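Each chain gets a letter, A, B and so on, in the order its sequence line appears, and its residues count up from 1. The shown structure was predicted, so the numbers you read here are calculated from the model rather than taken from an experiment.
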2 protein chains.
Amino acid sequence: MAETTLSEVPEEDFLRLDQQICFALHAASRAFNGVYRGALKELGLTYPQYLVMLVLWEHGELPVKRIGEHLRLDSGTLSPLLKRLESAGYVERRRSTEDERSVTARPTAAGAALRERARAVPRGIAAATGLPLDRVRALREELHALTRALDDAHPPPLPPPA
Amino acid sequence: MAETTLSEVPEEDFLRLDQQICFALHAASRAFNGVYRGALKELGLTYPQYLVMLVLWEHGELPVKRIGEHLRLDSGTLSPLLKRLESAGYVERRRSTEDERSVTARPTAAGAALRERARAVPRGIAAATGLPLDRVRALREELHALTRALDDAHPPPLPPPA
DNA sequence: CACAATTGAGTTGCACACAACTTAATGGCG
DNA sequence: CGCCATTAAGTTGTGTGCAACTCAATTGTG
């Protein structure tokens, strides 16, 4: 049972195994998304919008570029998303004075207030996973390593944040 | 260091931990998607289209409903996706004669031939993960359990396949 | 047998992701 | 200084994912 290397797996099983692992990650991500969707509905946030707010709550004002580095997202995704967060009244955007190319985003008063209401979210999610926190942490580390390896094999447009 | 229960984590760290774990899964899924995108480009398939073809290669002709159960996807996603696979010449769709509500899909000759070209894909992906197959299998199991737990806490429209 | 509830596909609308492109500003570099 | 490569946002187009809906076929029930 110690078949650890790729060459020891019979060719016939490979497509099936591939289906299992790539599907598993895909499905888990969407299942997570679904649980967050329910938890975030009353806050008026989508899951990616919540990720952006988490970054802004932690760091305050940030250029779009920096947000993208934290979340591994590019301007093609962030620009319309931030526009929606702005029209929802949760963030303000402002073109930087030092560098006119850069646009920074920061939580408004309503956005900051939203943080208090959001405090209830993570506990509910953690409970829904049914996993002890140690396992959650371990899983997080494993997924980080996996993401790093995959991005390394297929470098994304965004270099990982320094 | 044996803080396993939720109640032992300070409230202040919760939003940050939440960001880390939910982001980790989200990012890993997208990183995987990116690697597949590169590997599948020459086959003319997207990642979800590849998942559908894997199911059809394994099971032959299947109703849309069954495909959805295997992949945890509903008709809102599968209908247009199958239409694209059909216009690409990889699958045929046919309304069932026994139950006129049901539509089945199966690989065409070109779709079946594609399977041979697809054999090269999984090895490349497995190599890109940088993980030994044992770890991949363990991760798969963990993600399956996680998906089940999350779907249980927030039942999706699709019941898990029997 | 009639008829309401259910089921399977499909459609519509919205919000990501991401490639490819455009535009404007900045930073070298001769 | 002048000019070009680089950089940051934003835009466009395509393909999911999913909620909410429509429509037709089927099933269950009195």
Q. Can you name the salt bridge (charged side-chain N to carboxylate O under 4.0 Å, His left out) partners of B/R95, sequence neighbours left out?
A. none
**Q.** Per-nucleotide protein contact string for nucleotides 9-16 of chain C (B base, S sugar-phosphate only, - none; heavy atom under 4.0 Å)
**A.** BBB---SS
Q. Would B/E86 and B/K83 satisfy salt bridge (Lys or Arg N to Asp or Glu O under 4.0 Å), going step by step from the backbone distance to the final call?
A. CA-CA 5 Å; B/E86 188 173 43; B/K83 207 170 354 182; over 6 Å; no
Q | Spacing of A/Q49 atom CD and A/L82 atom CG [to the nearest 0.5 Å] | A | 9.5 Å
Q: Under the side chain to side chain donor-acceptor pair (under 3.5 Å) rule, collect the residues that match up with B/T129, sequence neighbours excluded.
A: none
Q | Straight-line distance of B/Y36 OH to B/L43 CG, nearest 0.5 Å | A | 12.0 Å
Q) Whole Å only: how far is the CG atom of A/D74 from the C1' atom of C/dA17? A) 7 Å
Q. For B/N33 and A/K41, take the nucleotide of DNA chain D holding the closest heavy atom to each; which residue's nucleotide lies nearer the 5' end?
A. B/N33
Could you tabulate the donor-acceptor pairs under 3.5 Å formed by side-chain atoms of residues 24-34 of chain A, not counting sequence neighbours?
residue	atom	partner	partner atom	Å
A/R30	NH1	B/R72	O	2.8
A/R30	NH2	B/L71	O	2.9

(Q) Tell me which pairs pass salt bridge (Lys or Arg N to Asp or Glu O under 4.0 Å) where either residue lies in residues 40-60 of chain B, with sequence neighbours left out. (A) A/R16-B/E58
Q) Rounded to the nearest Å, what distance is computed from the CE atom of residue B/M53 to the P atom of nucleotide D/dT16? A) 13 Å
Q.
Based on the rotation axes of five pairs at each end, what angle does the helix from C/dC1-D/dG30 to C/dG30-D/dC1 bend through, to 10°?
A. 10°
Q: Please report, rounded to the nearest Å, how far the P atom of C/dC18 is from the CG atom of A/L71.
A: 12 Å
Q | salt_bridge(A/E116, A/R119) N-O dist < 4.0 Å | A | yes
Q: Please state how far atom CG in B/D99 lies from atom P in D/dT27, giving the value in whole angstrom units.
A: 6 Å
(Q) In whole Å, I'd like the distance from the CZ atom of B/R30 to the C1' atom of C/dA19. (A) 15 Å
